[in-house]
**Student:** 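Following this message is one structure expressed as structure tokens.
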Number of protein chains: 2
Amino acid sequence: MARTPQDITDAELAVLEALWERGPATIRQLTDALYPDGGAAQYATVQKLLERLEAKGGVRRNRQAAVHVFAAVLDREQLIGRRLRAMADQLCGGSLTPLLTHLVQTTKLSPEQRQELRALIESADRPTRKERS
Amino acid sequence: MARTPQDITDAELAVLEALWERGPATIRQLTDALYPDGGAAQYATVQKLLERLEAKGGVRRNRQAAVHVFAAVLDREQLIGRRLRAMADQLCGGSLTPLLTHLVQTTKLSPEQRQELRALIESADRPTRKERS
DNA sequence: TGACAGCTCAGACGAAATGTCTTAACCTTG
DNA sequence: CAAGGTTAAGACATTTCGTCTGAGCTGTCA
């Protein structure tokens, strides 16, 4: 049976997280962060991971300088969204609603969080109206 | 970098889905459903997948008859929950709240769904009170 | 100038995960 | 009894993903 390649792999995610944490960075900087005692091979690993991330639209490369600087395009929120959508596609015929329902039923929310959620539901009402006008 | 093995793999999920759809079944039945033109090798594949699912707690095997009957232990809802939790662990420091927030912000809900969600939030209030008493 | 270090580019390779297959033994049925 | 179906065990093949090597270019320093 066909397997589904991962969208953003674990190692790619580690690179993304390093970019989220420190902002735009060079391969050298990322390698030192991810592999403190790394050698040439690890530099090349990070390079390859960035290349794949770039191909997937997860990072952008600035080639202006001789040493390229990479920045995250995909932030945590967006990645969460991608993963939720992929899960909905696989398990819920594409609908996000079962995921939402499940979370509401199982997540222990503080009164503050509940209020926040109610506000989100109400504000979710309003953009819809604006979109109509 | 270490990779994370999948909880329930794609092929295992296909087996689970067949069980969800038809209820308890034998290897023969599942093989015929999943591999209509399958031979002995496909029978063995399904057997192995079931064995792994059993080890993961996803299915239960009834050995009373000579021919074993398998039933899903893990239903779709539970699998969704497992995956959401895994996602929260990986992307949100373990908190489900960001996932919930994201879904509320991005899911286009009908008025009925919104009302349903409000009701869920309110009912989520009440069990909490019962649990205190 | 030459050597060296750092960088980019390209692609092969190694390891891990996962799906597939083979073999042997046992049981039931015709 | 032979054949077919089943279980059990484990090896094997394929795919995915992380790692590594080699070549070429540039800039710096002795």
Side-chain angles (χ1 to χ4, degrees), chain A residues 1-19 24-56 58-71 79 83 86 90, chain B residues 1-19 24-56 58-71 79 83 86 90:
Chain A
M1 289 195 219
R3 305 184 220 185
T4 313
Q6 279 202 65
D7 177 21
I8 305 294
T9 66
D10 286 357
E12 288 163 7
L13 177 59
V15 173
L16 263 185
E17 280 176 335
L19 285 172
T26 64
I27 299 175
R28 176 82 268 154
Q29 291 168 330
L30 290 168
T31 304
D32 291 343
L34 293 163
Y35 298 95
D37 302 313
Q42 283 68 43
Y43 183 97
T45 297
V46 173
Q47 177 189 33
K48 172 60 62 179
L49 294 172
L50 281 164
E51 189 181 307
R52 291 178 183 165
L53 270 171
E54 191 182 4
K56 294 175 181 180
V59 299
R60 179 180 53 239
R61 181 193 304 227
N62 186 328
R63 296 171 186 263
Q64 283 182 3
V67 180
H68 301 179
V69 178
F70 294 81
L79 182 57
R83 296 242 169 129
Q90 195 181 33
Chain B
M1 291 194 217
R3 307 194 218 180
T4 315
Q6 279 204 66
D7 179 20
I8 305 293
T9 66
D10 287 355
E12 287 162 5
L13 177 58
V15 172
L16 263 185
E17 281 176 335
L19 285 172
T26 64
I27 298 174
R28 176 80 270 154
Q29 291 168 328
L30 291 167
T31 303
D32 290 343
L34 293 165
Y35 299 94
D37 302 314
Q42 281 69 45
Y43 184 100
T45 297
V46 172
Q47 176 188 32
K48 172 61 63 176
L49 293 171
L50 282 163
E51 189 181 306
R52 290 179 184 166
L53 271 171
E54 190 181 7
K56 293 176 183 181
V59 300
R60 181 181 51 237
R61 180 191 305 225
N62 186 327
R63 295 172 187 263
Q64 282 182 4
V67 180
H68 300 178
V69 178
F70 294 82
L79 182 58
R83 293 225 172 150
Q90 197 183 31

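A quick note: this is a predicted structure, and the numbers were derived from the prediction, not measured. Below, read A as the first sequence line, B as the second, and so on, with proteins coming before strands; counting in each chain starts at 1.
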**Student:** Counting side-chain heavy atoms from CB outward, which of D/dC17, D/dT21, C/dT8 is closest to A/H68?
**Tutor:** C/dT8
**Student:** Give a yes or no on whether a donor-acceptor pair under 3.5 Å exists between the nucleobase atoms of C/dT18, that is its base, and the side chain of A/R3.
**Tutor:** yes
**Student:** Under 4.0 Å between any heavy atoms, over every strand shown, what does B/A44 touch: base, sugar-phosphate, or nothing? Just pick one.
**Tutor:** base
**Student:** Counting C-beta onward and ignoring hydrogens, is there a side-chain heavy-atom pair between B/L13 and A/Q90 closer than 4.5 Å?
**Tutor:**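 Heavy-atom side-chain distance check passes, below 4.5 Å.
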**Student:** Counting heavy atoms from C-beta on, name the nucleotide in C/dC21, D/dT19, C/dC9 closest to the side chain of B/T45.
**Tutor:**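 Nearest nucleotide to the side chain: C/dC21.
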**Student:** Between D/dT7 and B/Y43, is there an OP1 or OP2 to side-chain N/O distance shorter than 4.0 Å?
**Tutor:** yes
**Student:** Between the base of D/dT6 and the side chain of B/R28, is there a donor-acceptor distance below 3.5 Å?
**Tutor:** no
**Student:** Given side chains that start at C-beta, do those of B/E12 and B/K56 come closer than 4.5 Å, heavy atoms only?
**Tutor:**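 Sidechains of B/K56 and B/E12: in contact.
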**Student:** Under 4.0 Å: is that the gap between some side-chain N or O of A/T9 and OP1 or OP2 of D/dT16?
**Tutor:** no
**Student:** Checking the side chain of B/R83 only, and the main-chain atoms of B/I8 only, is there a donor and an acceptor separated by less than 3.5 Å?
**Tutor:**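 A pair under 3.5 Å: yes.
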**Student:** Classify the side chain of B/R52 and the base of C/dT18 as holding, or not holding, a donor-acceptor pair under 3.5 Å.
**Tutor:**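 Under the 3.5 Å cut-off, the side chain and the base do not form any donor-acceptor pair.
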**Student:** Over all heavy atoms of both residues, which pair between B/M1 and A/A14 is shortest? Give the atoms and the distance, please.
**Tutor:** SD-CB, 3.6 Å
**Student:** Determine: side-chain N/O of B/Q42 to OP1/OP2 of C/dC21, distance under 4.0 Å, yes or no.
**Tutor:**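 Yes, within the criterion.
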**Student:** Kindly say whether A/T4 contributes a backbone atom to a donor-acceptor pair with the side chain of B/D10 at under 3.5 angstrom?
**Tutor:**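 Flag set: sc B/D10 to bb A/T4 pair under 3.5 Å.
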**Student:** Think B/R63 has a side-chain N or O under 4.0 angstrom from the OP1 or OP2 of D/dA8?
**Tutor:**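 Answer is yes, contact under 4.0 Å.
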**Student:** Classify the nucleic acid contact of B/Q47 as base, sugar-phosphate or nothing, counting any heavy atom under 4.0 Å across all strands shown.
**Tutor:** base
**Student:** Closest-nucleotide mapping onto DNA chain D: is A/A41 or A/T4 further toward the 5' terminus? I mean the 5' end.
**Tutor:**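 Taking each residue's closest nucleotide, the earlier one in sequence belongs to A/T4.
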**Student:** Of the candidate nucleotides C/dA17, D/dA11, D/dT19, which contains the atom at the shortest distance from the side chain of B/P5?
**Tutor:**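 So the side chain of B/P5 is nearest to C/dA17.
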**Student:** Please pick, from D/dG18, C/dG19, C/dT8, the nucleotide with the shortest atom-to-atom distance to any side-chain atom of A/V67.
**Tutor:**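 Selected nucleotide: C/dT8.
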**Student:** Take B/L49 and A/R61, find for each the nucleotide of DNA chain C with the closest heavy atom, and name the residue whose nucleotide sits nearer the 5' end.
**Tutor:** A/R61
**Student:** Check every atom of D/dA8, D/dT19, C/dT20 against the side chain of B/M1 and return the nucleotide holding the closest atom.
**Tutor:** D/dT19
